[in-house]
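Some notes on the structure that comes next.
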Amino acid sequence: MSAHTEHTQHGAADAHDHEHHDDEHGHDDSGASHSTLSGYVTGFILAVFLTAIPFWLVMGKVFESSSTTALVLMAFAAVQIVVHMIYFLHMNTRSEGGWSFLALLFTLLIVGIALAGSLWVMYHMNANMMPMSIHDMKNMP
């Protein structure tokens, strides 16, 4: 066997070993965690509770005010989003050098701007374009 062939085979074996090397904490070189069965079960149980509790809140009419119920449901939804991102999507600040977390923050910023802008436009269209009284409606062309 030539020296070049031996070096190439040795280099391929090193690359293969490096590619599949995990540290003792279940992380690979990119920082992404590899979940275990217990991690998936924990995420599943949390997701079930975070679905069942809001269902009970609505069906049992626990709160008198529908706006209070809506706010509590949105809080449960936000927590459930975080649970899914951590336990099922394995997102954290270390995975992929932090780029996936940065992309998430950018997405949240864009969604926030779109929602705020949409609400602002709808509010001003309602305030500025709708007739103020029945008398105003009768005088419209």
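In this text, all values refer to a predicted model and were calculated from it rather than measured experimentally. Index from 1, following the sequence.
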Exercise for review: Answer with yes or no whether the hydrophobic clustering places Leu57 together with Leu46; edges join I, L, V, M, F, W, Y residues whose side-chain heavy atoms lie under 4.5 Å apart.
Suggested key: yes
Review point. Any side-chain heavy-atom pair from Gln80 and Thr51 closer than 4.5 angstrom?
Key: yes
**Study point:** Connected via hydrophobic side-chain network under 4.5 Å: Met74 and Val58
**Key:** no
**Study point:** Spatial distance of atom CG (Leu104) from atom CG (Leu89) [nearest 0.5 Å]
**Key:** 9.5 Å
Check your understanding: Taking Thr69 for the side chain and Ser65 for the main chain, is one N or O donor matched with an acceptor at less than 3.5 Å?
Key -> yes
Practice item. Drop me the distance from Leu115's CG to Leu108's CG, to the nearest 0.5 angstrom. Key: 10.5 Å
Review point. Does the side chain of Asn92 come within less than 4.5 Å of Ile86's, by heavy atoms?
Key: no
Point to revise | Distance in Å, Leu37 CG paired with Phe44 CZ, rounded so as to fall on 0.5 Å steps | key: 12.0 Å
Exercise for review: Give me the other members of the hydrophobic cluster that Tyr123 sits in, counting Ile, Leu, Val, Met, Phe, Trp and Tyr linked by side-chain heavy atoms under 4.5 Å, directly or via other members.
Suggested key: none
Review point. Quick one: does Ser100's side chain have a donor or acceptor within less than 3.5 Å of a partner on Glu96's backbone?
Key: no
Check your understanding: Is Met125 close to Val121 at the side-chain level, that is, under 4.5 Å between some pair of heavy atoms?
Key -> yes
Review point. Just wondering, are more than 12 heavy atoms of other shown residues or ligands nearer than 6.0 Å to CZ in Phe76?
Key: yes
Review point. Which distance, rounded to the nearest 0.5 Å, do you find between the CD1 of Ile53 and the CG of Leu73?
Key: 11.5 Å
Practice item. Please report the shortest heavy-atom distance between Thr42 and Ser38, naming the atom on each side. Key: OG1-O, 2.7 Å
Check your understanding: Would Val72 end up clustered with Val62 when hydrophobic side chains under 4.5 Å apart are linked, directly or stepwise?
Key -> yes
Check your understanding: Transitively linked via ILVMFWY side-chain contacts under 4.5 Å: Phe55 with Leu50?
Key -> no
Review point. Would Val79 and Trp56 show up in the same hydrophobic cluster when neighbours are defined by side-chain heavy atoms closer than 4.5 Å?
Key: yes
Review point. Does Phe88 CZ have over 12 foreign heavy atoms under 6.0 Å away?
Key: yes
Point to revise | Close aromatic pair by centroid cut-off 6.0 Å: His90 and Tyr40 | key: yes
